[in-house]
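None of these values were measured; they are calculated from a predicted model.
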Amino acid sequence: MKRAFLPGVANWISESFPTIRLVLLILMVVLALAMILVVLFQPSSDDGMGAISGQVSDTFYTKNKGRSLEGIMKRLTIVLAICLFVVSVLFFITIVIYPVGA
């Protein structure tokens with residue numbers, strides 16, 4: 001008869017930690033790859049070029065940058081980074097609660 005690793009916790013909970021850890025690890029890899037792709041597809045920023053060429057930087061595009069594809073990509077990068085951070089913290093919490101060798 002197996003004993004629960006955590007006192008006062010049902011056996012099925014303590015036995016499910018390796019599965020939870022595997023799911024979190026797969027989710028971390030998927031989020032990391034998605035974040036890499038989103039960052040690679042972002043256009044480069046040309047903010048400093050306006051002063052050299054003398055162009056006026058107050059255009060329709062700069063006023064509505066948040067609704068453009070560039071704004072969406074920046075928001076998606078932030079959301080993916082936050083999700084990756086939360087999943088990573090949860091993964092390491094499972095390691096602290098239920099060590100790998102236990």
Exercise. Taking all non-hydrogen atoms of both residues, which atom of T94 and which atom of R21 are closest, and how far apart?
Worked result: O-NH2, 3.2 Å
Exercise. Is there a side-chain contact between V86 and L90, using heavy atoms and a 4.5 Å cut-off?
Worked result: yes
For this session: Hey, could you give me the CG/CG distance between L76 and L69, rounded to the nearest 0.5 Å?
Result: 10.0 Å
Problem set entry | Co-membership, hydrophobic cluster, residues I20 and I26, 4.5 Å side-chain | no
Exercise. According to the side chain to side chain donor-acceptor pair (under 3.5 Å) rule, which pairs have a member within residues 23-40, sequence neighbours left out?
Worked result: none
Exercise. In the hydrophobic clustering (ILVMFWY, side-chain contacts below 4.5 Å, transitive), which residues join V29, or is it alone?
Worked result: L33
Exercise. Can you list the residues that meet the side-chain contact (heavy atoms from CB on, under 4.5 Å) rule with L25, with sequence neighbours excluded?
Worked result: M28, F91
Problem set entry | Listed partners of T77 passing side-chain contact (heavy atoms from CB on, under 4.5 Å), at least two apart | M35, V38, V39, Q42
Problem set entry | Which atom of L24 lies closest to which atom of V87, heavy atoms considered | O-CG1, 3.6 Å
Problem set entry | Common cluster, L31/V23, ILVMFWY with side-chain heavy-atom separation under 4.5 Å | no
For this session: State which residues pass side-chain contact (heavy atoms from CB on, under 4.5 Å) with I36; sequence neighbours excluded, sorted by chain then number.
Result: L40
For this session: Check side-chain contact (heavy atoms from CB on, under 4.5 Å) between V89 and all other residues, then give those that pass, not counting sequence neighbours.
Result: F85, I93
